[in-house]
Amino acid sequence: MTPNLLLLGGTTEATALARALAEAGIRGTVSFAGRVARPVRQPLPQRVGGFGGIDGLVRYLQAKQITHLVDATHPFAAQMSANAVAACTTLGVPHLALTRPAWQRQIGDNWINVPDIAGAAAALNRPRANVMLAVGRMHLAEFAPNPQHRYLLRLVDPPDAPLPLPETEVIVARGPFSEADDLALMQTHEIQVVVSKNAGGIGAYSKIAASRTLGLPVIMISRPSLPARQEVGTVDQVFDWLSHASADRGV
Ligand code: NAP
């Protein structure tokens, strides 16, 4: 039996892994939550939509005869990641996470660390400012208690419903972004505070580097905690794991 992977995607790293798997002729399916209107085209078959919790994922893994699961979701996709660990443990399916290290504060950074989105919203309980709010569409309502700010939002898709914040400017764009572009964007919009998840990786780092250059405070949201799991940081390490895990299982 040859390996048949389920790759939980939605990140640049997942797309890079999908390309490498396709080039190596390894069978697999990339899974998206369905949050964006046009997901990046994948070189492997893809599916879209939730599985229906842990039980739904268990049923999917069984029905599709998945031999290995690689979780390459965003570090803030904590529910999906926890479900993947639970379902794989239940079935004894080998599980690996492809992750990227969190960003570390550097000299010149002015970070206000907060534990979660609620903490970021609480940190904005201050007089009016021009805020670059880079947390994604799904969390905007949590900032509604602070309507006094002018918010700059960068979203992958144009909003399809009224925004829960009264004063916004929306930029529709998909990363990766460059530091020069973000510097110009922040200067044009006279940004005074930036709110960001500690996503790690390079694609979203430009706003952090630009904030440092401009001396702006960044309300930095820490990553959610996840169950214990095996993690690697590169596509090559996924291939090493795949060959060992396959040998162990006789696949
Ligand atoms: P989440 O809170 O952990 O997931 C909520 C539910 O969405 C999951 O329980 C699952 O539904 C479904 N889901 C999530 N990722 C999925 C996937 N790759 N394939 C199939 N179903 C998935 O995650 P999220 O924050 O909504 O993120 C959703 C997706 O967007 C992830 O793939 C992630 O990589 C990507 N993304 C997230 C962020 C972020 O900041 N959170 C940023 C960029 C990209 P069921 O329980 O029904 O299976």
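Each ligand, and each atom within it, is numbered from 1 in the order the structure gives. This one's a predicted model, so the numbers in the text were calculated from it and none came from an experiment. Quick note: residue numbers are just sequence positions, from 1.
- Near N83, meaning under 4.0 Å from one of its heavy atoms, ligand 1 places the atoms 9 (O), 46 (O).
- Residue S31 has at least one N or O atom closer than 3.5 Å to an N or O atom of ligand 1.
- Every atom of ligand 1 with a heavy atom of M138 under 4.0 Å away is listed here by number and element: 26 (O).
- In summary, the atoms of ligand 1 found under 4.0 Å from a heavy atom of K197, numbered by their order in the structure, are 39 (C), 40 (O), 41 (N).
- For E179 against A210, the heavy-atom pair with the smallest separation is CG-N, 4.0 Å.
- For ligand 1, the polar-atom distance check against L8 finds no nitrogen or oxygen pair separated by under 3.5 Å.
- Compare G49, P39, A33, A14 by their heavy atoms: the one nearest to atom 28 (C) of ligand 1 is in A33.
- At a cut-off of 3.5 Å, with distance as the only test, no side-chain donor of T29 or Q46 sits close to an acceptor on the other residue.
- Contact annotation: for A78 versus ligand 1, heavy atoms closer than 4.0 Å belong to the backbone alone.
- G52 counts as a contact of ligand 1, since one of its heavy atoms falls under 4.0 Å from the ligand.
- When side chains are defined from C-beta on, S196 counts as touching K207, because their heavy atoms get closer than 4.5 Å.
- Against a heavy-atom cut-off of under 4.0 Å, T73 is close to the following atoms of ligand 1: 18 (N), 32 (O), 34 (O).
- Nearest to atom 31 (C) of ligand 1 by heavy atom, out of G9, G136, A87, is G9.
- Near G10, meaning under 4.0 Å from any of its heavy atoms, are these atoms of ligand 1: 34 (O), 35 (C), 44 (C).
- Shortest contact from atom 6 (C) of ligand 1 to any protein heavy atom: R35 NH2, 3.6 Å.
- Between the side chains of T73 and D71, at least one donor-acceptor pair of N or O atoms lies under 3.5 Å.
- A distance-only check finds no donor-acceptor pair linking the side chain of H149 to the backbone of Y151 [under 3.5 Å].
- Here is the list of ligand 1 atoms found below 4.0 Å of a heavy atom in R47: 20 (C).
- Those atoms of ligand 1 with a heavy atom of G50 less than 4.0 angstrom away are 11 (O), 21 (N), 45 (P), 47 (O), 48 (O).
- Judged by distance alone, the side chains of N198 and R223 never bring a donor and an acceptor atom under 3.5 Å apart.
- Backbone and side-chain nitrogen or oxygen atoms of G53 are examined, and one is located within less than 3.5 angstrom of a nitrogen or oxygen of ligand 1.
- Summarising the contacts of atom 3 (O) of ligand 1 with M80, Q46, R137, H74, the nearest heavy atom is found in M80.
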